[in-house]
*Asks:* 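Structure in structure tokens, see below.
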Amino acid sequence: MFKDLFSKKRKYATIPSERTQPTKMNDGVMTKCPTCKTIMYSRELKKHDYVCTKCDHHFRLTARDRINSVIDVGSFEELDVSLMSGNPLDFPDYEEKLASDQQKTGLNEAIITGRGQIDGLPVVIGVMDPRFRMASMGTVVGEKIKRAIETALKDQVPFIMFSASGGARMQEGVLSLMQMAKTSVALQRLDEEKLPFISIMTHPTTGGVSASFASLGDYNFAEPAALIGFAGRRIIEQTIREDLPEDFQTAEFLLEHGQLDKVIHRSEMKSTLTTILKMHQASHQRGGELSS
Amino acid sequence: MTHKLPFEKPVVELQNKIDELKNFTQDKDINLEEEIAHLEGRLQQVESQIYDNLKPWERVQIARHAERPTTLDYIEHLFTDFIELHGDRYYGDDDAIVGGIAFYKGQPVTVIGHQRGRNTKENIQRNFGMPHPEGYRKALRLMHQANKFNRPIITLIDTKGAFPGKAAEERGQSEAIARNLLEMASFTVPSIGIVIGEGGSGGALALGVVNRMFMLENSTYSVISPEGAAAILWKDATQAQRAAETMKITAPDLYELGVIEGVIREVRGGAHHNVKQQAEYIDSVLQQQMDELTQLSKEEIRNQRYEKFSKIGM
């Protein structure tokens, strides 16, 4: 048909490209905002924690930058640094992909976990890094989260998780799926001990990660405009055959539908976390006094 | 006669030939017994060649067979006095998941499973066995009830996945699944899961955080459908067959990966050839597991489950 020439056919599900591409923030003197197209000094952008000074677009943070932005200087002690993925299914090309991402990011896997302090208050924190295999969750990501939760249990401190992930890692098949269970089962112990879990979903938090630990916070927060959802937009459009609203699966959309406690601007992240941690510390002490 | 799958063609052809000859001898009064016996022997060979060496993609086809027994079929054969309980108490009742209380050999249990339709009309009503959040929340409600009244939980897993739709996202599909994973870990009653057809990703796992997980021989359990994996990995959904092999999604694969406790044998050619016989195979495994698990203390039940998931993949 003649008119077919003008319609772009969607053959299969694809992952949105521009926004999910890791933004190279440290290269070059100038950086262009993908939302408002303003060009600004990279140094200036860094000073604002990688938030566009014009339109508030939240650039993606590397895991290291995120830790620097919320954890007190000099207080971070990384856990399980050397844990590395194997290739349990003998999946073709998987080792090469891991090696190339390791080289590109300087990380062994898609998550950094560790002990640290926020305004002097001790926490265990996990931060995912979307530059590494879209921070998909395989056995090592799941294991590091589980061990971090167990460390929080041992230290009797709150657990904080900054999620950013495309979901389960396909190259590890059903073992990746089981990490959803592994992390959630560990969180159940934390829940039982009444230790707080603060989950912050950043762009993007989807699939198996949103359908496990990321949604299980005592507090579920998100950064502005972060994409958060279970199924991909294209899949849903193809399934229900209708166009979805522009803001579908954004943090604001989730807030409106009762799925989030609050959307927090990056500039207020540390202070908000500090306040919550102080409240928990205060009630914890009070609880101790009451029972003693 | 059951609907045949493409790889069963040699069996069908031979069977037709035998039937033809049998009819012929009846009509014409000619003795062809020797030929028939020979062909029947050949049929045995061909059947065992095909059915005893099923390839992953063939298992996928059996797992998806339109006549494959569903949760309600097995409930009928395995339990007595089943009373279906409905609704999540927040939003609605999702027909893609059925659940209720029943007796298993005199022991009260809670049974929950995904429910596909057995024809088009029923499939529409049951959304092809793909649940919305209210389905998972109903399941969780029934499991809490089981835990409260000290009833073992049995889950039957059979779904392509949680439904990918607008309403499902709005009502928190992610949270509903995640919540089940966490809460199922807390129960002090024994839980046993059986994948009876397709175990599609998080939508299947949401009924799968159990003490013991089994799979029927020709069922699958995977992080993504073979078609989905092919589309993402090779940008070509027609490579599903290759994906089915690479992704290791069959019951024997999962047993080897240490994800499940055992494989339940199937009627030759697939459960749909004889539901009653299949239910008996399930029954013997179920009984043994129930006997073992009901010996454990509440603490042991919970710890066993935690340890098991804690170790997967490491």
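Proteins come first, then strands; the chains are lettered A, B, ... in the order of their sequence lines, and each starts at number 1. These figures come from a predicted structure and were not determined experimentally.
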*Asks:* With ring centroids as reference points, do A/His257 and A/Phe248 lie under 6.0 angstrom apart?
*Replies:* no
*Asks:* Go through the atoms of A/Leu187 and report whether side chain, backbone, both or neither lie under 4.5 Å from a heavy atom of chain B.
*Replies:* both
*Asks:* Hey, does the side chain of B/Gln115 reach the backbone of B/Ile97 with a donor-acceptor pair shorter than 3.5 angstrom?
*Replies:* no
*Asks:* Please determine, among A/Thr206, A/Leu175, A/Ile236, the option with the most heavy-atom pairs under 4.5 Å with chain B.
*Replies:* A/Ile236
*Asks:* For chain B, find which of A/Ile228, A/Val140, A/Leu89, A/Val209 contributes the most heavy-atom pairs closer than 4.5 angstrom.
*Replies:* A/Leu89
*Asks:* Name the member of B/Ile249, B/Asn180, B/Ile177 that forms the most heavy-atom pairs with chain A at distances under 4.5 Å.
*Replies:* B/Ile177
*Asks:* Using a cut-off of under 4.5 Å on heavy-atom pairs, state which of A/Leu216, A/Val174, A/Thr239 scores highest against chain B.
*Replies:* A/Leu216
*Asks:* Among B/Lys166, B/Arg302, B/Glu169, which residue has the highest count of heavy-atom pairs closer than 4.5 Å to chain A?
*Replies:* B/Glu169
*Asks:* Which heavy atom of A/Ser136 sits nearest a heavy atom of A/Ala110, and at what distance?
*Replies:* O-CB, 4.3 Å
*Asks:* Salt bridge check: are A/Glu109 and A/Arg169 linked by an N-O gap of less than 4.0 Å?
*Replies:* yes
*Asks:* Considering only heavy atoms and a distance below 4.5 Å, find which of A/Ala231, A/Ser215, A/Ala211 pairs most often with chain B.
*Replies:* A/Ala211
*Asks:* As an exercise: rank A/Glu192, A/Gln171, A/Arg189, A/Arg233 by heavy-atom pairs under 4.5 Å with chain B and give me the winner.
*Replies:* A/Arg189
*Asks:* What heavy-atom pair brings A/Gly229 and A/Ser210 nearest, and what distance separates the two atoms?
*Replies:* O-OG, 3.0 Å
*Asks:* Quick one: closest heavy-atom pair of A/Glu252 and A/Ala225, and the distance?
*Replies:* OE2-N, 3.0 Å
*Asks:* Counting heavy-atom pairs under 4.5 Å to chain A, which of B/Leu257, B/Val259, B/Ile312, B/Leu182 comes out on top?
*Replies:* B/Leu182
*Asks:* Name the option with the most non-hydrogen atom pairs under 4.5 Å to chain A; the candidates are B/Ser310, B/Gly165, B/Ala206, B/Ser186.
*Replies:* B/Ser310
*Asks:* Quick check: are there more than 12 heavy atoms from other residues, nucleotides or ligands sitting under 6.0 Å from CD of A/Glu246?
*Replies:* no
*Asks:* Identify which of B/Gly202, B/Gly258, B/Ser201 forms the greatest number of heavy-atom pairs closer than 4.5 Å to chain A.
*Replies:* B/Ser201
*Asks:* So if I take each residue of residues 217-229 of chain B and look for any heavy atom under 4.5 Å from a heavy atom in chain A, which residues do I end up with?
*Replies:* B/Tyr221, B/Ser222, B/Val223, B/Ile224, B/Ala229
*Asks:* May I ask you to name which of B/Gly199, B/Ala162, B/Gly161, B/Pro164 has the most heavy-atom pairs under 4.5 Å with chain A?
*Replies:* B/Pro164
*Asks:* For A/Met170 versus A/Phe91, what's the shortest heavy-atom pair and its separation?
*Replies:* O-CE1, 4.4 Å
*Asks:* Taking the side chain as every heavy atom from C-beta outward, state whether B/Ile157 and B/Met213 have any pair of such atoms under 4.5 Å apart.
*Replies:* yes
*Asks:* What residues, two or more places apart in sequence or in another chain, satisfy salt bridge (Lys or Arg N to Asp or Glu O under 4.0 Å) together with B/Arg305?
*Replies:* none
